[in-house]
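Following: one structure in structure tokens, then a few remarks.
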Protein chains: 2
Amino acid sequence: MKHTYEYPRAALTVDCVVFGFDDGALQVLLIRRGIAPFKDHWALPGGFVRVEETLDDAARRELEEETGLKDLFLEQLYTFGTVNRDPRERVVSVAYYALTKPADHTTAASTDAAEARWFPVSDIPPLAFDHAEIFASALSRLRGKLTYQPVGFELLPPKFTLTQLQRLYESVLGTEIDKRNFRKKVLSYDLLIPLKEQHREGPHRPAQLFRFDPVKYERLKKKGFLFEI
Amino acid sequence: MKHTYEYPRAALTVDCVVFGFDDGALQVLLIRRGIAPFKDHWALPGGFVRVEETLDDAARRELEEETGLKDLFLEQLYTFGTVNRDPRERVVSVAYYALTKPADHTTAASTDAAEARWFPVSDIPPLAFDHAEIFASALSRLRGKLTYQPVGFELLPPKFTLTQLQRLYESVLGTEIDKRNFRKKVLSYDLLIPLKEQHREGPHRPAQLFRFDPVKYERLKKKGFLFEI
DNA sequence: TGACTTCGTGTGAAAATTACACATTACTTC
DNA sequence: GAAGTAATGTGTAATTTTCACACGAAGTCA
């Protein structure tokens with residue numbers, strides 16, 4: 001079935017920058033394109049927005065179709081609309097970024113994508129279209145966000161140690177943080193709940209496990225919050 | 001001439017939230033719609049994106065066509081894409097916000113818009129489509145931005161007094177600020193250049209006029225800046 | 001039981017933020 | 001031209017926040 005309009009229309013897509021945290025380093029999920037253009041190149045997961053779904057829905061749907069991931073933290077980033085970003089025709093892309101917990105890193109490639117793989121953000125292959133620009137923009141946004149909103153937990157498993165949280169901040173922000181000052185600061189927000197359990201691993205003192213309080217977290221996210229590290 | 005596609009496509013528009021500062025209060029520029037739907041309702045200036053122009057270009061073009069404003073500070077805000085935001089058909093709108101200096105407030109309504117008018121943000125009429133939501137989002141972004149980036153100058157004339165700048169901050173942020181602390185802080189960024197001139201008005205001591213240093217300003221905007229008040 | 005490794009904690013110095021009051025300058029009016 | 005009026009312009013002390021920094025505790029392994 002054909003669809004006809006008075007004026008030419010741009011195609012509308014969504015693209016997702018999915019971040020994960022593993023091996024003590026920030027990772028991003030890329031797919032190898034199975035179809036032209038840029039066949040066999042690495043690219044951000046994404047695809048065309050259907051006319052009866054919202055942008056957020058499209059992002060979640062494409063993400064699940066191409067990578068198997070669902071129910072993750074997802075936020076709109078920016079809309080990329082230069083004229084020649086796609087060689088085929090005019091395509092405007094609404095970019096999203098997403099944060100996943102390590103448990104979700106089971107990525108079954110499917111449908112459009114020939115393959116899905118995690119890459120450390122410090123070592124990304126050349127990307128299709130203007131995806132390198134989108135990725136850079138997402139990384140910069142994540143860095144900014146981390147310094148004033150408590151989104152770091154979205155990248156950690158439900159139970160985590162303060163050291164894991166600190167490593168996350170250090171590796172995303174690219175700085176070293178003093179352990180005592182970090183703990184003082186984080187705990188002062190009264191957002192972390194110490195568990196009865198401990199994390200024991202290796203020949204040394206076990207670490208206290210924490211989870212974060214989802215109620216206080218939501219409250220913080222809504223009002224002006226403040227989670228400066 | 002008709003244009004035909006395999007799948008149905010959303011129409012793509014831009015909408016602009018234009019802020020001005022006048023009468024000691026933050027103002028927003030609205031147009032009265034000359035055509036259906038929402039004929040005679042107030043709305044944000046905006047219109048359809050042409051297939052051969054970027055999103056930014058479309059925003060600037062529509063702004064000039066509908067309000068006569070050009071060369072203003074303009075930044076993409078967010079893309080609104082719920083399914084039924086336009087009663088005619090699926091329309092996705094990329095929202096922008098803009099800041100104007102008072103000198104530019106000469107608004108000649110034209111083309112699509114029957115009338116253009118400034119409204120204090122505290123007293124906005126009902127808006128067409130989901131424009132109230134877009135406006136709220138823009139205002140919230142402006143507030144956020146003002147507290148950590150030196151964009152306030154974009155809303156003031158080229159020469160201004162520190163009191164004017166303070167009033168701007170107070171009225172946008174909705175807080176009272178201590179005069180001495182404000183001046184100390186603002187001047188410490190070394191961004192303001194005192195002029196030889198003074199601003200004299202009324203039966204009292206005249207005020208020192210300042211302009212801001214565009215070079216330092218650009219430098220601040222690019223790197224992590226920091227303009228906390 | 002001693003070596004090793006990571007966890008967990010407190011204090012003092014420096015810097016930033018906040019609170020706060022009065023003399024100065026020009027215009028107006030008497 | 002003297003007195004009144006109104007907004008400008010300036011400094012300091014108290015408080016809070018940030019930053020720098022070192023060592024005992026708890027567990028494993030040999």
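Since the structure is predicted, the reported quantities are computational estimates derived from the model, not experimental observations. In what follows, chains carry the letters A, B, and so on, assigned in the order in which the sequence lines appear, proteins first and then strands, with residues in each chain numbered from 1.
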Looking at C:dG10, I'd like to know if its phosphate oxygens (OP1 or OP2) sit under 4.0 Å from a side-chain N or O belonging to A:Arg180.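 Checking A:Arg180 against C:dG10: no side-chain N or O falls below 4.0 Å of OP1 or OP2.
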Distance check: side-chain N/O of B:Arg183 vs OP1/OP2 of D:dG9, anything under 4.0 Å? yes
Which is true for B:Thr163 with a 4.0 Å heavy-atom rule: it touches a base, it touches only sugar-phosphate, or it touches nothing? sugar-phosphate
Categorize A:Glu201 for me: base, sugar-phosphate, or nothing, with a 4.0 angstrom heavy-atom threshold over every strand shown.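 The answer is nothing, as A:Glu201 stays clear of every strand by at least 4.0 Å.
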Just the rounded figure in Å: distance from [atom2] of [N] to [atom1] of [X].
{"X": "A:Arg205", "N": "C:dA3", "atom1": "CZ", "atom2": "P", "answer": "21 Å"}
{"X": "A:Phe182", "N": "D:dA20", "atom1": "CZ", "atom2": "P", "answer": "16 Å"}
{"X": "B:Tyr189", "N": "C:dA16", "atom1": "OH", "atom2": "P", "answer": "10 Å"}

Nearest to the side chain of [X], heavy atoms from C-beta on, is which of [options]?
{"X": "A:Gln208", "options": "C:dG10, C:dG8, D:dG11", "answer": "C:dG8"}
{"X": "B:Arg200", "options": "C:dC7, C:dT18, C:dC27", "answer": "C:dC27"}
{"X": "A:Ala207", "options": "D:dT18, C:dG8, C:dA26", "answer": "C:dG8"}

Tell me which of A:Pro203 and B:Asp178 sits closer to the 5' end of DNA chain D, going by the nucleotide each one is nearest to.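 That would be B:Asp178.
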Where each residue is assigned the nucleotide of DNA chain C containing its nearest heavy atom, which of A:Gln198 and A:Lys184 is assigned the position nearer the 5′ end?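 First, find each residue's nearest nucleotide; the 5'-ward one identifies A:Gln198.
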Show your reasoning for whether salt bridge (Lys or Arg N to Asp or Glu O under 4.0 Å) applies to B:Arg61 and B:Glu65. CA-CA 6 Å; B:Arg61 177 182 53 74; B:Glu65 284 179 12; 3.2 Å; yes
Any carboxylate oxygen within less than 4.0 angstrom of a Lys/Arg side-chain nitrogen, looking at A:Asp190 and A:Lys216? yes
Could you tell me whether A:Phe153 and A:Phe160 have their ring centroids closer than 6.0 angstrom? yes
A:Tyr78 and A:Phe80: aromatic ring centres closer than 6.0 Å? yes
Examine the base of C:dT18 for any acceptor or donor lying under 3.5 Å from a partner atom in the side chain of B:Lys179, and report the outcome as yes or no.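 For B:Lys179, whose side chain was compared with the base of C:dT18, there is no donor-acceptor pair (under 3.5 Å).
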